[in-house]
Amino acid sequence: MKILENSDVSQLLSNINWNFPQSKTSEGIHSIHPYPAKFIPEIPRYLIKSLPIPEDTAILDPFCGSGVTLVEAQMRGLKSVGIDLNPIACLISKVKTQDLPAEFLNTAAHCVNFARKGFELTGTRDIPNIDHWFDPQIQQSVTALLLMVNSIKEVAIRQALRLALSSILVRISKQESDTRYAAIEKDVNQDDVFEFFTVACRKIAKSKEQSSSAKTPVKIIERDTLGTKPSAIPWPIGAVITSPPYPNAYEYWLYHKYRMWWLGFDPIAVKEKEIGARAHFFRKNHHTAQNFKEQMEGTLRLIRSVLVSGGYACFVIGRSKIHGKIVDNASIIENVAGELGFKKIERITRRILASRKSFNLSHANIKTEEILILKK
DNA sequence: AATATGCAACGGGGCCACGT
DNA sequence: ACGTGGCCCCGTTGCATATT
């Protein structure tokens, strides 16, 4: 293998147009479940393609979210490790990267048939304020469906069914939209629950059919990155590709709150540990850029101990606004990384297209984001 | 008193109806 | 087919109300 100097790598990276105006995540495997601020697959794809990643190493994403990096690594036959605190994120990542047995759709139909019968249910789930967000009729259908889905023995099928149910929960709730947290009246009935669920299952089956088989192993660790020990990472890491959460920006726990309640997870515990959650920025001793610096330092320490010498760490991150002040998150990471002995290879500014609907750019002050490439 | 939860104003830009 | 005006969608964010 040809030895590449740091300057060659830097040159290679800066010759790529990172704006990727044609990119779509609205179709294919990444559309099986909504997730905010997914990064476009082209970013990890081109990083994996361009970087001289040491042989026999794996890719790590310490904030894997919906698993875009993991899917890209798997497509190229590279082992990967994803860490995420959010159980919904982990479920999405798992379903995307593991094989789906052929009887999935039959099982789904079986669940729907039974749940439709409307058998007598013994007590619904104890979910706070459930009546505010879900019509009682809808609650009954979801409960019935969930009872069936959770009884499925085959793990991969059960997880895909749970994901399908999760994906439709906001639509069948009174929550205005995935990102607007207010109750409105909607025209949804019990039949719709089963109909939407069936469609969601078909979408998963179709996307899985079209994606390559999951031969290359992917390990997903469901816990907070800062609480993860290096020993939990099973393989030496050759490159880290991640987009960390921004302080005072999106609240993933809130976005997925009722999904977590229904699936039996605890959103409140997730909120407490979620980096960047707004809840931490509207209290008396609220978080500041300093907290973010410490959180990134912890992350980089973990990265440093699992990354092989000569391995790369890539961060995709924009700015955020804390009480009116713009915080340059990329510079915070760059500085901490420098203190920890990482070498900066390149820092690229990429334009976020205005047409990208997952962000409203009018208020965000985030019209660009940074790709920071470091080397150990 | 302080935090948790939910609401809705703001406003850019997408999109649709309508005219040429 | 193309241009345009305006309605409406929806991410963001400050704040009101509920809860502890």
Side-chain angles (χ1 to χ4, degrees), chain A residues 19 21-27 30-31 33-40 65-66 85-86 88-89 125-135 138-139 167-188 243-262 265-289 291-292 316-329 350-369:
Chain A
N19 295 332
Q22 314 296 337
S23 179
K24 291 190 195 126
T25 46
S26 55
E27 47 192 61
H30 296 301
S31 69
H33 192 287
Y35 201 82
K38 282 190 270 223
F39 63 3
I40 59 172
S66 66
L85 168 68
N86 190 318
I88 303 296
R125 249 167 214 293
D126 184 24
I127 298 175
N129 217 7
I130 187 77
D131 293 337
H132 182 79
W133 295 107
F134 290 84
D135 182 275
I138 303 287
Q139 287 180 42
S167 77
I168 68 164
L169 281 176
V170 169
R171 250 173 100 203
I172 60 174
S173 78
K174 296 181 185 178
Q175 192 178 320
E176 188 167 357
S177 74
D178 271 316
T179 49
R180 306 191 87 210
Y181 196 71
I184 58 163
E185 282 309 315
K186 284 190 204 170
D187 186 22
V188 230
S243 182
Y246 306 1
N248 196 27
Y250 210 86
E251 293 196 281
Y252 292 86
W253 78 272
L254 186 66
Y255 191 92
H256 296 302
K257 187 166 163 185
Y258 280 85
R259 293 191 166 113
M260 285 191 247
W261 283 131
W262 276 111
F265 302 115
D266 179 7
I268 305 306
V270 171
K271 173 179 73 172
E272 292 309 319
K273 289 193 169 171
E274 181 174 310
I275 293 176
R278 285 181 76 208
H280 304 309
F281 292 85
F282 285 89
R283 52 177 66 161
K284 209 149 166 261
N285 288 307
H286 64 79
H287 280 193
T288 62
N291 293 83
F292 184 67
V316 181
I317 191 160
R319 293 162 191 77
S320 48
K321 205 175 180 181
I322 303 177
H323 294 278
K325 268 182 67 180
I326 301 289
V327 179
D328 179 3
N329 300 312
R350 71 177 289 271
R351 216 188 324 279
I352 304 171
L353 289 188
S355 60
R356 192 174 150 192
K357 294 298 282 180
S358 56
F359 273 117
N360 181 326
L361 301 166
S362 57
H363 299 276
N365 293 309
I366 304 172
K367 290 184 171 57
T368 60
E369 63 188 2

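Here is how names work: the chains are called A, B, and so on, in the same order as the sequence lines, proteins then strands, and each is numbered from 1.
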Identify which nucleotide among [options] has an atom closest to any side-chain atom of [X], counting heavy atoms from C-beta outward.
X        : options              : result
A/Arg278 : B/dT3, C/dT13, B/dC7 : C/dT13
A/Glu272 : B/dA4, C/dG14, B/dG6 : B/dA4
A/Tyr181 : B/dC7, B/dG6, C/dG14 : B/dG6

So what does A/Ala183 hit on the nucleic acid, given a heavy-atom distance under 4.0 Å: a base, only sugar-phosphate, or nothing?
sugar-phosphate

Counting the atoms with a prime plus P, OP1 and OP2 as sugar-phosphate, which does A/Lys271 contact under 4.0 Å by heavy atoms, base, sugar-phosphate, or nothing?
sugar-phosphate

Using atom types as modelled and distance alone, determine if a side-chain donor or acceptor of A/Tyr246 lies under 3.5 Å from a backbone N or O of A/Gly318.
yes

Taking the six-membered ring for Trp, are A/His256 and A/Tyr35 closer than 6.0 Å centroid to centroid?
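They qualify: ring centres under 6.0 Å apart.
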
I'd like to know whether the aromatic ring centres of A/Tyr181 and A/Trp133 sit less than 6.0 Å apart in this structure.
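Yes - the distance between ring centres of A/Tyr181 and A/Trp133 falls below the 6.0 Å cut-off.
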
Using whole Å, report how far [atom1] of [X] lies from [atom2] of [N].
X        : N      : atom1 : atom2 : answer
A/Tyr258 : B/dA4  : OH    : C1'   : 12 Å
A/Phe281 : C/dT12 : CZ    : P     : 15 Å
A/His256 : B/dT5  : NE2   : C1'   : 18 Å
A/Glu251 : B/dC7  : CD    : P     : 15 Å
A/Ile268 : B/dT3  : CD1   : P     : 15 Å
A/Met260 : B/dT5  : CE    : P     : 12 Å
A/Lys174 : B/dA8  : NZ    : P     : 15 Å
A/Glu176 : C/dC10 : CD    : C1'   : 8 Å

Can you check whether [X] has a side-chain N or O nearer than 4.0 Å to OP1 or OP2 of [N]?
X        : N      : answer
A/Trp133 : B/dT5  : no
A/His132 : C/dT17 : no
A/Asn129 : B/dG6  : yes

Ignoring hydrogens and geometry beyond distance, is the side chain of A/Arg180 in donor-acceptor contact with the base of B/dG6 at under 3.5 Å?
no

Give a yes or no on whether A/Lys186 atom NZ has more than 12 heavy-atom contacts from other residues, nucleotides or ligands under 6.0 Å away.
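Enclosed.
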
Pick the closest DNA chain B nucleotide for A/Phe282 and for A/Leu254 by heavy atoms, then say which residue is nearer the 5' end.
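That would be A/Phe282.
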
At their closest point, which heavy atom of A/Pro245 faces which heavy atom of A/Ile275, and how far apart are they?
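Heavy atoms of A/Pro245 and A/Ile275 come nearest at CB-O, 3.4 Å.
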
